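So the structure is just underneath, and the comments pick up after that.
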Amino acid sequence: MTTRRLERIITSVPTADGAGVKLRRSLGSAAALRFDPFLMLDEFYSDNPDDYLAGFPAHPHRGFETVTYMLDGHMRHEDSIGNRGDLGPGDVQWMSAARGIIHSEMPQQTEGRMRGFQLWVNLPARDKMKPASYRDIPAREIPTVALDQGGEVRVICGSLRQADRSASGPVHARSAVSLYLDVRLPAGASLEIPVDPQHNVFVYLYEGEAAVGDEQRALPTRAAGLLGHGESVRVRATDQGARFLLLAGAPIGEPVVQYGPFVMNTRAEIDQAIADYQAGRLAAA
Ligand code: FE2
């Protein structure tokens with residue numbers, strides 16, 4: 001099996017979004033830093049409520065999916081098509097904004113740690129104007145695979161087999177994402193994961209130290225590592241152990257025109273999204 005090389009490192013940069021939530025953005029911190037079909041990855045992590053309490057009040061999306069994964073804390077979600085949920089530790093929300101949705105994402109705690117991720121995944125042109133859909137996946141529905149060397153993998157999307165153990169994640173939507181794993185490896189442990197050779201694959205190391213590929217190239221903490229071609233991914237946790245996300249997705253191969261929370265194929269479609277939003281039509285049935 002050809003092992004993928006760590007070819008490009010996108011270090012996360014501090015930024016703020018919503019009503020002033022402090023976060024770190026790796027993918028998507030500049031237009032050139034997308035990795036088809038992945039548009040953006042934000043990590044929010046703070047023990048200081050001033051960094052997150054303002055939340056993300058009502059805002060629109062069109063043309064893509066948002067996938068929110070909570071590690072610590074609580075976030076309430078409400079949207080224009082009547083959905084409401086409270087995401088807690090280990091929960092996932094998979095939302096296909098598609099034609100349009102207006103929603104709010106508000107922390108439901110006044111103290112303590114808030115930690116999690118929001119991933120933006122593009123939709124192909126044929127799906128961008130379909131009705132919005134939404135799914136909350138509670139932590140108990142996300143299977144975990146224990147590893148021989150210690151550690152474990154949560155399978156949020158796709159399938160994983162290690163030794164005689166396997167699991168399939170609960171998300172099988174029309175998403176381009178084929179694999180979304182949350183991996184915890186103890187110091188010195190390594191993991192090899194087969195991936196679709198046609199798909200783009202990246203790793204986001206959010207805690208500890210890791211070396212990627214046969215070359216054992218170090219990936220800095222809080223950075224996304226984009227991998228080259230190959231049939232498998234190999235990650236080794238060095239001295240401190242490692243926690244990381246591993247994402248694989250089928251490239252869409254279409255032009256991307258983004259204006260804030262609207263991601264379409266052409267400038268005219270962006271103008272239409274803005275007009276629809278201003279006229280109150282964005283999230284209409
Ligand atoms: Fe949002």
Side-chain angles (χ1 to χ4, degrees), residues 1-11 26-27 33-39 41 67 69 117 119 121-122 124 142-253:
M1 248 189 323
T2 324
T3 307
R4 292 187 180 229
R5 296 168 63 101
L6 172 53
E7 290 201 336
R8 183 171 186 189
I9 292 170
I10 301 176
T11 308
S26 48
L27 263 70
L33 299 180
R34 299 187 188 111
F35 194 40
D36 191 12
F38 303 106
L39 300 165
L41 179 66
V67 185
Y69 176 34
F117 303 94
L119 176 73
V121 185
N122 204 6
I142 297 171
T144 297
V145 175
L147 302 173
D148 284 342
Q149 300 170 310
E152 61 182 20
V153 182
R154 299 190 79 217
V155 183
I156 294 166
C157 174
S159 298
L160 177 72
R161 190 148 64 96
Q162 291 288 309
D164 59 345
R165 295 176 290 275
S166 65
S168 290
V171 175
H172 301 281
R174 57 179 182 238
S175 178
V177 180
S178 56
L179 201 55
Y180 188 157
L181 305 177
D182 179 15
V183 182
R184 182 174 59 79
L185 286 183
S190 61
L191 178 66
E192 179 155 8
I193 297 172
V195 289
D196 188 318
Q198 308 298 323
H199 288 191
N200 283 333
V201 182
F202 76 95
V203 172
Y204 183 82
L205 179 67
Y206 63 91
E207 209 174 283
E209 294 181 333
V212 181
D214 291 337
E215 304 76 17
Q216 299 273 304
R217 184 174 173 192
L219 179 63
T221 313
R222 310 189 89 182
L226 313 192
L227 307 187
H229 296 294
E231 295 158 322
S232 73
V233 177
R234 187 172 296 156
V235 181
R236 188 172 68 85
T238 45
D239 294 348
Q240 299 174 28
R243 295 183 71 181
F244 58 90
L245 306 180
L246 189 151
L247 275 300
I252 292 169

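On a predicted model such as this, the values are computed, not experimentally measured, just so you know. When reading the values below, keep in mind they use all heavy atoms of this one structure, side chains included, and skip hydrogens, waters and symmetry mates.
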Legend entry - Full working for side chain to side chain contact (heavy atoms under 4.5 Å, CB included) between V195 and R4: CA-CA 9 Å; V195 289; R4 292 187 180 229; 3.4 Å; yes
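- Side-chain contact between I142 and V155 is absent, with no heavy atoms from C-beta onward closer than 4.5 Å.
- Judged by distance alone, with hydrogens and angles left aside, the side-chain atoms of N200 form a donor-acceptor pair with the main-chain N or O of D36 at under 3.5 Å.
- By the 4.5 Å heavy-atom criterion applied to side chains, I10 and L27 are counted as neighbours.
- Between L181 and V145, every side-chain heavy-atom pair lies at or beyond the 4.5 Å cut-off.
- Looking at heavy atoms from C-beta onward, V235 lies out of side-chain contact with L219 at the 4.5 angstrom threshold.
- By the 4.5 Å heavy-atom criterion applied to side chains, P143 and P170 are counted as neighbours.
- In R5, the CZ atom is not crowded: 12 or fewer heavy atoms of neighbouring residues, nucleotides or ligands sit closer than 6.0 Å.
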Inset, instruction - Tell me, with the steps shown, if V203 and L227 meet side chain to side chain contact (heavy atoms under 4.5 Å, CB included). - result: CA-CA 8 Å; V203 172; L227 307 187; 4.3 Å; yes
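- No side-chain heavy atom of R34 sits under 4.5 Å from any side-chain heavy atom of N122.
- When atom types are taken as modelled, the side chain of S168 and the backbone of S159 share no donor-acceptor pair closer than 3.5 angstrom.
- Between L247 and L179, every side-chain heavy-atom pair lies at or beyond the 4.5 Å cut-off.
- In this structure, Q149 contributes its side chain and S190 its backbone to a donor-acceptor pair below 3.5 Å.
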Legend entry - Full working for side chain to side chain contact (heavy atoms under 4.5 Å, CB included) between T221 and Y206: CA-CA 6 Å; T221 313; Y206 63 91; over 6 Å; no
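- Inter-residue side-chain proximity for L191 and L147 is flagged as met; some heavy-atom pair is nearer than 4.5 Å.
- Taking the charged nitrogens against the carboxylate oxygens, R236 and D214 have no contact shorter than 4.0 Å, which rules out a salt bridge.
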Inset, instruction - Start with the C-alpha distance between R161 and I193, add both sets of side-chain angles, then the distance that settles side chain to side chain contact (heavy atoms under 4.5 Å, CB included), and finish with yes or no. - result: CA-CA 8 Å; R161 190 148 64 96; I193 297 172; over 6 Å; no
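- Summarising the local packing, CZ of R165 is surrounded by more than 12 heavy atoms from other residues, nucleotides or ligands at distances under 6.0 Å.
- Ring to ring, F38 and F202 are close: their centroids are under 6.0 angstrom apart.
- No side-chain N or O of E152 forms a donor-acceptor pair with one of T144 less than 3.5 Å apart.
- Side-chain contact check for R154 and Y69: at least one donor-acceptor pair (N or O, by modelled atom type) lies under 3.5 Å.
- Between the side chains of Y204 and D182, no donor-acceptor pair is found at a separation under 3.5 Å.
- A donor-acceptor pair under 3.5 Å links the side-chain atoms of R217 to the main chain of L6, judged by distance alone.
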